[in-house]
Amino acid sequence: MTILRRFFLLYILFFFCFPMVDASRIQYSLNELWLFTKGDMNDKLVEKVNFPHTWNVLDVMDDVPDYYRGVGWYKRSIVIPETFAQKQVSIYFEGANQELELFVNGKSVGKHAGGYTRFSFDITPFISVGTENAFAIKVDNSFNINIPPLTADFTFFGGIYRDVFLIATAKQHISTNFYASSGVFITTPIINAEKASVSIKTLINNASNSIRKVRVEQKVITPQKTVVMQTSKTIKLLANVQNLENIQNMEVKQPQLWSPDSP
């Protein structure tokens with residue numbers, strides 16, 4: 001039977017930037033109040049939808065052969081708070097099938113191809129704080145020979161079929177732009193009854209034009225909230241650095257091991 005760890009990692013990124021900055025991460029759901037149309041965006045947007053959404057919910061169930069594979073547009077105005085003026089702002093998609101292009105205030109932010117991977121865009125240069133911002137999303141589930149899978153025994157449902165979030169961070173933050181990952185990667189090379197070795201790789205961004213110092217801190221806690229191990233490291237971030245790797249290692253003595261009797 002595979003032996004797994006039974007402890008939790010509490011992960012904190014402290015910023016000492018002289019003066020100290022707010023290191024919190026703010027996340028808002030963008031799932032509601034979208035206007036949708038199939039085809040040309042110039043067509044009248046008459047359908048109100050929420051995410052998750054697909055335009056194939058009905059035509060795959062009728063008696064007509066095939067189903068719609070083409071372009072769909074989503075449109076919505078979003079007020080960006082003035083408190084985001086000094087923050088880095090990203091939009092995060094958990095999944096859209098299968099090609100997507102995002103426009104903010106009439107400008108193309110970026111594109112993503114592939115229906116089964118999450119992705120994110122940094123929209124900081126495109127938004128205006130304290131006012132409404134126009135978001136338009138083009139999604140296309142047309143057959144594309146360059147995007148696998150090409151055939152399957154399931155429907156290639158078009159649309160934004162998972163959650164969408166707006167994420168705001170300080171200029172110095174754990175990365176939000178590395179393949180839409182958490183920016184934290186944990187491996188456990190050794191785990192047994194005597195010890196558990198834990199390696200934590202953190203990707204850190206500095207979106208400001210000046211050098212900053214941050215402290216990266218990790219804690220291993222038990223299910224009873226007792227701290228059994230803690231590390232802390234201060235690092236220097238160069239200006240405008242992206243996905244700087246910080247690796248810290250810990251060793252926990254006599255870890256509580258997972259089992260079916262004690263999951």
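Counting begins at 1 with the first residue of the sequence.
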Say whether, by atom type as modelled, one donor and one acceptor occur between the side chain of [X] and the main chain of [Y] under 3.5 angstrom.
X	Y	answer
Ser197	Ile190	yes
Ser182	Val184	yes
Ser120	Thr176	yes
Asn205	Gln172	no
His53	Asn50	no
Asn97	Tyr116	no
Ser181	Gly183	yes

State, to 0.1 Å, how close [X] and [Y] come at their nearest heavy-atom pair, and which atoms those are.
X	Y	value
Pro255	Ala193	CD-O, 3.8 Å
Ser142	Gly70	OG-CA, 3.3 Å
Glu194	Asn192	N-OD1, 2.8 Å
Arg215	Ser232	CD-OG, 2.9 Å
Arg76	Trp34	CB-CE3, 3.3 Å
Ile127	Ile80	CD1-CG2, 3.9 Å

Does a donor on one side chain and an acceptor on the other come within less than 3.5 Å for [X] and [Y]?
X	Y	result
Gln88	Thr169	no
Ser210	Arg212	yes
Ser259	Asp261	no
Gln98	Asn141	no
Asn177	Gln242	yes

Enumerate the residue pairs fulfilling ring-ring contact (aromatic ring centres under 6.0 Å, His included) with a member in residues 81-111, sequence neighbours excluded, ordered by first and then second residue.
-> Trp73-Phe103, Phe93-Phe119
When you look at Ile123 and Leu102, which way does the side chain to side chain contact (heavy atoms under 4.5 Å, CB included) test go after all the steps?
-> CA-CA 10 Å; Ile123 60 174; Leu102 171 67; 4.0 Å; yes
Within the 4.5 Å heavy-atom criterion, are [X] and [Y] side-chain neighbours or not?
X	Y	result
Ile200	Met250	yes
Glu99	Lys111	no
Phe135	Ile91	yes
Asn206	Ile211	no
Leu100	Ile137	yes
Leu35	Lys48	yes

Tell me whether the count of non-hydrogen atoms from other residues, nucleotides or ligands lying under 6.0 Å of [atom1] in [X] goes above 12.
X	atom1	result
Glu251	CD	yes
Gln254	CD	no
Asp62	CG	yes

Would you kindly confirm whether [X] and [Y] end up in one hydrophobic cluster when ILVMFWY residues are joined by side chain heavy atoms under 4.5 Å apart?
X	Y	value
Phe143	Ile147	no
Phe36	Val60	no
Val252	Ile186	yes
Tyr28	Phe126	yes

So, taking the atom named [atom1] in [X] and the one named [atom2] in [Y], what distance separates them when rounded to the nearest 0.5 Å?
X	Y	atom1	atom2	result
Asn105	Ile78	CG	CD1	10.0 Å
Met61	Tyr67	CE	OH	13.5 Å
His173	Ile204	NE2	CD1	10.0 Å

Kindly indicate, with the supporting measurements, whether the criterion side chain to side chain contact (heavy atoms under 4.5 Å, CB included) is fulfilled by Val198 and Gln218.
-> CA-CA 11 Å; Val198 185; Gln218 295 110 357; over 6 Å; no
Criterion side chain to side chain contact (heavy atoms under 4.5 Å, CB included) on Lys87 and Val129, from CA distance to verdict | CA-CA 10 Å; Lys87 293 186 177 295; Val129 299; over 6 Å; no
Partners meeting salt bridge (Lys or Arg N to Asp or Glu O under 4.0 Å) with Glu245 (sequence neighbours left out) | Lys201
Would you mind writing out the side-chain donor-acceptor pairs for residues 148-167 within the sub-3.5 Å range, not counting sequence neighbours?
residue : atom : partner : partner atom : Å
Tyr161  : OH   : Gly115  : O            : 2.4
Asp163  : OD1  : Asn31   : ND2          : 2.9

Are Asn133 and Ser128 close enough, and set up right, to give a side chain to side chain contact (heavy atoms under 4.5 Å, CB included), and what steps lead you there?
-> CA-CA 7 Å; Asn133 293 259; Ser128 299; 3.9 Å; yes
Kindly say whether the aromatic ring centers of Phe51 and Tyr74 come within a distance under 6.0 Å.
-> yes
